Amino acid sequence: MSTIRPTPGLEDLRLYDSRTRRVQPFVPLAPPRVGIYSCGPTVYAPQHLGNMRSQVIPDLLRRVITAAGYEVTYVTNITDVGHLVSDADDGDDKLERAAAATGRSAAEIAEHFTEQWATDRRRLGCQEPDIVPRAASHIPEQIAMVEILQAQGHTYVVDDGVYFDVSTFPRYAEFAGLDLDEMTTSGRIEHIEAKRHPADFALWKLTPPGVVRQQEWDSPWGRGFPGWHIECSTMATKYLGERFDIHTGGVDHQRVHHTNEVAQSECVLDVHPWVGTWMHNEFLDLGGAKISKSKGDVLVVDTIVERGLDPLAFRYFTFQAHYRQQQAFSWEAMEAANTALRRLVGHAAVARAAGGMSNPAAVDPYRRRFWSALADDLKAPQALAVVWEAVRDPGLSSADTWAFLTDADRALGLGLADAVAPNADERGSDPRIDGLVAQRQAARAAKDFATSDRLRDALSAEGIEILDTPTGTTWRRSGG
RNA sequence: GGUGGCGUGGCCGAGUGGCUUAGGCAAGGGCCUGCAAAGCCCUGUACGCGGGUUCGAUUCCCGCCGCCACCUCCA
């Protein structure tokens with residue numbers, strides 16, 4: 001299509017598709033438009049750093065596809081109803097349980113954690129989604145989809161609710177390479193007696209007689225709430241159409257949640273590859289940290305801030321490993337990422353301040369290598385390596401470096417394009433500190449080093465770093 | 001127990017059958033500095049263990065050890 005104007009290096013974008021299990025050229029269904037649906041948070045608890053990794057990676061994807069010349073519609077849902085504490089269709093709805101435990105309403109809890117999630121996304125440099133649909137706001141649509149499935153003969157009703165009968169969808173096991181026979185013979189305990197097959201899943205859960213839930217709705221089958229999986233099928237279809245280009249999520253969703261989404265959607269819509277490319281990111285390895293979730297000391301973006309680190313350092317940290325590889329979290333590694341990012345921003349600020357015209361002949365090779373790395377299944381680690389190579393290349397002028405970094409930051413989103421020299425603008429300026437720095441300069445000029453060092457130590461104690469350069473002295477706040 | 005993945009120099013983490021010592025952080029040395037800080041330059045020949053294939057393996061195959069994920073809540 002002549003309307004597509006890819007950034008050099010991005011002409012040949014290739015992505016790993018979990019469904020076909022191989023890297024393949026990215027071919028949009030209806031260029032220049034590209035639809036991306038990312039499984040969003042279940043808003044009953046704080047989103048920890050592992051959850052946020054699954055936000056940062058699709059954000060990179062979205063930026064790369066945008067840079068490839070496409071018009072992206074990015075949708076990510078909020079699960080505020082229907083997600084049970086067990087994928088075996090047993091147990092409570094997570095929101096209901098959280099409400100019961102805290103005394104707050106399910107709506108309040110959903111609102112609170114949705115806000116936290118949105119705020120943390122921004123702090124991690126993620127662009128705003130185009131649409132953020134909420135499951136509880138799409139009940140009629142979900143009921144309608146279940147009705148179609150029922151009319152098609154894919155369902156059965158038991159006391160507990162309406163279930164999808166996986167035996168009616170021959171391709172069911174294909175998506176994630178499941179072994180359905182093994183599931184029936186496994187030793188796991190079957191919670192829902194009436195389920196005909198362990199893989200059958202709830203489309204609509206009925207509220208038991210005598211029970212009143214905070215979140216429940218009338219339906220053709222009785223009062224209750226939607227199953228977890230149906231929301232994504234419904235909302236993705238509503239906002240992106242019957243087929244769309246990319247669906248993302250954590251690897252844990254592949255076998256159950258996404259398998260079920262595919263089953264429902266392909267039956268109702270009568271399409272086969274419902275989604276062009278499925279992308280599943282591997283987990284952040286938090287060690288034992290995530291286990292302490294119930295204690296409330298789970299690792300979240302605030303934890304990074306409390307440590308005096310830049311939230312964007314977590315973004316940088318994430319880009320140091322490939323998204324399909326587990327990444328080990330440690331504070332040592334986080335601090336290393338923080339330092340690296342701080343220096344990179346420093347380079348950007350210095351390059352920007354120097355001004356001048358860039359030389360395309362010098363910049364283009366780096367640009368091409370940078371974008372080519374990302375075009376190859378989002379190889380962010382290599383892209384970062386190219387960035388450092390460019391930054392340290394004496395053959396690039398400051399203007400060249402600035403031109404390159406601002407371009408690269410379209411994908412990285414690390415704040416390089418906003419980098420400013422220390423105390424060079426109103427944001428970092430502070431008359432009191434400027435005064436102290438000036439006093440120190442005066443003392444130095446008078447060879448009164450005792451005084452100048454005392455002032456430097458005092459500033460250092462409050463986190464102000466003095467920078468003496470050949471052209472004068474500036475300062476900056478170190479850490480957060 | 002089953003399935004899949006991983007094990008790279010102090011740490012995180014790329015990559016490849018024999019040119020690339022990826023890159024970042026830390027460490028050591030140097031330049032700069034009144035001394036520092038910041039910045040810059042230089043430095044370490046690593047690829048879990050034991051076999052095998054091969055002219056040659058960190059990269060291919062087998063076994064072992066260890067770790068992780070999923071199968072059971074999790075992005």
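All values below come from the heavy atoms of this structure, side chains included, with hydrogens, waters and symmetry mates left out. Naming convention: chains lettered A, B, ... in sequence-line order (proteins, then strands); numbering from 1 in each chain. Remember, predicted model here, so these are calculated numbers, not experimental data.
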> Ring of A/W388 versus six-membered ring of B/rG24: centres under 5.5 Å and planes under 30°?
Replying inline: no

>> Tell me whether the ring of A/F283 lies stacked over the B/rA69 base, given a 5.5 Å limit on centroids and a 30° limit on the plane angle.
In response: no

>> Restricting to side-chain contact (heavy atoms from CB on, under 4.5 Å), what partner residues turn up for A/A442, sequence neighbours left out?
In response: none

>> Heavy-atom nearest nucleotide on RNA chain B for A/P41 versus A/Q320: which residue maps closer to 5'?
In response: A/Q320

Basic-acidic side-chain contact under 4.0 Å: [X], [Y]:
X: A/E389; Y: A/R369; value: yes
X: A/D130; Y: A/R62; value: yes
X: A/D457; Y: A/R454; value: no
X: A/D310; Y: A/R315; value: no
X: A/R367; Y: A/D407; value: yes

> Can you find an N or O donor on one side and an acceptor on the other, under 3.5 Å apart, linking the side chain of A/D468 with the base of B/rA36?
Replying inline: yes

> Has the side chain of A/R343 got a donor or acceptor atom sitting under 3.5 Å from an opposite partner on the base of B/rC25?
Replying inline: no

> When Watson-Crick pairs (N1 to N3 and N6-O4 or O6-N4) and G-U wobble pairs (N1-O2 and O6-N3) count only below 3.5 Å on both distances, what is the dot-bracket string of RNA chain B, with | for other-strand pairs?
Replying inline: (((((((..(((.....[....))).(((((.......)))))....(((((..]....))))))))))))....

> Taking atom P in both B/rC61 and B/rG17, what distance in whole Å separates the two?
Replying inline: 12 Å

>> In this structure, how many angstroms lie between the P atom of B/rG24 and the NE2 atom of A/H347, rounded?
In response: 10 Å

> Between atom CG in A/L284 and atom P in B/rA75, what is the gap in whole Å?
Replying inline: 13 Å

> If you check every side-chain atom of A/F449, which of B/rG34, B/rG39, B/rA38 has the closest atom?
Replying inline: B/rG34

>> From the set B/rC70, B/rG24, B/rA75, return the single nucleotide nearest to any side-chain atom of A/N51.
In response: B/rA75

> When you measure from every atom of RNA chain B, which of residues 370-385 of chain A have a heavy atom less than 4.0 Å away?
Replying inline: A/K379, A/P381, A/Q382, A/A385

>> Do A/R324 and A/Y16 form a cation-pi contact, if we require the NZ or CZ to be under 6.0 Å from the six-membered ring centre and within 45 degrees of the ring's axis?
In response: yes

>> Could you walk me through whether A/H280 and A/H258 satisfy the ring pair (Phe, Tyr, Trp, His ring centres under 6.0 Å) test, starting with their C-alpha distance in whole Å, then the side-chain angles of each, then the deciding distance to 0.1 Å, before giving a yes or no?
In response: CA-CA 10 Å; A/H280 293 98; A/H258 291 163; 4.9 Å; yes

